[in-house]
There are 2 protein chains.
Amino acid sequence: MDRRKIKTKKAITEAFNTLITKKRYEKISIQNIIDEADVGRSTFYEHFGTKDDLLRSRCHELFEHIFSQNDEKTTNHEFSNCPFDPLSKEFINANALKKIFTHILYHFLQEKKIIKGILYGESKDIFLGYLRKYLADVLNRIELSKTDLPRDFLTNHIAGSFIEATKWWADGNFLISPINLGEYLIQVIKI
Amino acid sequence: MDRRKIKTKKAITEAFNTLITKKRYEKISIQNIIDEADVGRSTFYEHFGTKDDLLRSRCHELFEHIFSQNDEKTTNHEFSNCPFDPLSKEFINANALKKIFTHILYHFLQEKKIIKGILYGESKDIFLGYLRKYLADVLNRIELSKTDLPRDFLTNHIAGSFIEATKWWADGNFLISPINLGEYLIQVIKI
DNA sequence: TATGTTTTCGAACATATTGTTTGATAATAT
DNA sequence: ATATTATCAAACAATATGTTCGAAAACATA
């Protein structure tokens, strides 16, 4: 890949990161982004078709990172308490679910300023759409109990609960630890 | 109130109702609304400051109606199974909660086309903000169990679960009955 | 170093939207 | 009958989007 391309892409995504911590997504214009990134108008459009494209690209990178297997290499010890294998086929119980949640929350905490910015307005839906998609694979491994609940209702409920808890967490400026929030979640979710 | 004012306001809100069933909120321009309502541009701005104002006005009316006491007068018998007194001070148990949910869901079902339209994109947040606000009063009457869960985490979780279930219901075109969905909810919420 | 390709840039352009202002016209209340 | 109030169309400034163009710079390759 051309060095210039990498540079511009980086400038644009960093401009986005800066702006999203200052004002909400819908108030950020493409003009703002190219001003902050200091690139030409047409240059932006050579990399991203729309503002949503840019956000989707950011979300894709983030979740690919979170749900990739080899991140126990991270220097942060706390992570090692809550590893999970996203490609495993094993059934998930309450304890496994807690580990998964906590693991994701640690990642969110690492980029909390940006995450919090994204968790408002329009950008929220796009971000949560990705989260829901990545969670779906994991949640489908939950063993269905004998209730008459449809599987998709249950997985939607659990994903929704995680999402709502995350928003609650961000709204309160990430006061409690990922481990605590994981525990809260397990206490309110019947599995 | 001036007859002309009432007429225009009605024309605008009905235009909004029509449009929201056809395309999502963010794609509806004020130009679209005044074309559909057949009113002048400046007239719109005499009634509503922004498009969001219009939506908020609609939400306010809807939730005032749902959470008002005297609506058992409705002709729909099914409602009478699930009345609730929003001004009561009594504690809420699982059964009371189920009645409240079912009651609200019946109202949503009555205007399902519009509700479904509103439940996408930007309009969703505004709508759900109102729902959350109105629910808060009720949910604060839930008796806290001996867990260490913060009250606002718990109420947020329950409101969130109801919201997610409602979206799931709307996405599936309101296939099951309000009573069924109310039962699903009670099955997944620990109280 | 020389050469051909790729990327960037700025400026201009068409198009669309928002929100405000104006004065004329018509409906309303009393 | 009259004073008030609501509506309307048309024009306006301001802002945003997405496209196009040719010139200039950075690049890969040999």
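Letters A, B, ... mirror the listed sequences (proteins, then strands); counts begin at 1.
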How close or far is atom [atom2] of [N] from atom [atom1] of [X], stated in whole angstroms?
| X | N | atom1 | atom2 | value |
| --- | --- | --- | --- | --- |
| B:Q31 | C:dT18 | CD | P | 8 Å |
| A:E26 | D:dT17 | CD | C1' | 17 Å |
| A:E46 | D:dC21 | CD | P | 13 Å |
| B:I12 | D:dA6 | CD1 | P | 13 Å |
| A:F48 | D:dT19 | CZ | P | 15 Å |
| B:K51 | C:dT18 | NZ | P | 7 Å |
| A:I33 | D:dG18 | CD1 | C1' | 14 Å |
| A:K27 | D:dT15 | NZ | P | 14 Å |

Mark up nucleotides 22-30 of chain C, 5' to 3', with B wherever a protein heavy atom is under 4.0 angstrom from a base atom, S wherever such an atom reaches only the sugar-phosphate, and - elsewhere. ----BBSS-
Is a donor-acceptor contact shorter than 3.5 angstrom present between the side chain of B:R41 and the base of C:dG19?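 Yes, a donor-acceptor pair under 3.5 Å.
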Side chain of B:Y45, heavy atoms from C-beta onward: which of C:dT7, D:dT19, C:dG19 has the nearest atom to it?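 The closest nucleotide is C:dG19.
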Proximity to the side chain of A:T43 - top-ranked nucleotide from C:dA12, C:dT18, C:dC9: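 So the side chain of A:T43 is nearest to C:dC9.
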Could you tell me if the ring centre of B:F101 sits under 6.0 Å from that of B:Y184?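 That pair fails the under 6.0 Å test.
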Taking a hydrophobic cluster as the set of Ile, Leu, Val, Met, Phe, Trp and Tyr residues connected by side-chain heavy atoms closer than 4.5 Å, whether directly or through intermediates, do B:Y120 and B:Y130 fall within one such cluster?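 They do not share one cluster, since no chain of ILVMFWY contacts under 4.5 Å joins B:Y120 to B:Y130.
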On DNA chain C, does the nearest nucleotide to A:K5 precede the nearest nucleotide to B:N32 from the 5' side, or the other way round? Give the residue.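 Checking each residue's closest nucleotide, the 5'-ward one belongs to A:K5.
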Assess whether atom NZ of A:K23 is packed by more than 12 heavy atoms of other residues, nucleotides or ligands within 6.0 Å.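 Yes, because the 6.0 Å sphere around NZ of A:K23 holds more than 12 heavy atoms from other groups.
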Minimum side-chain heavy-atom gap A:L19-A:Y25 below 4.5 Å: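 A:L19 vs A:Y25: side chains apart.
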Going by an N to O cut-off under 4.0 Å, is there a salt bridge joining B:R132 and A:E164?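 Yes, this pair counts.
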Full working for side chain to side chain donor-acceptor pair (under 3.5 Å) between B:S29 and B:N32: CA-CA 5 Å; B:S29 68; B:N32 292 152; 3.2 Å; yes
Is there a side-chain contact between A:H47 and the phosphate of C:dT8, meaning an N or O under 4.0 Å from OP1 or OP2?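 So the side-chain polar atoms of A:H47 do come within 4.0 Å of the phosphate oxygens OP1 or OP2 of C:dT8, strictly under.
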Say you draw a straight line from CD1 of A:I30 to CZ of A:F44; how long is it, rounded to the nearest 0.5 Å?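 A:I30 atom CD1 to A:F44 atom CZ measures 4.5 Å (nearest 0.5 Å).
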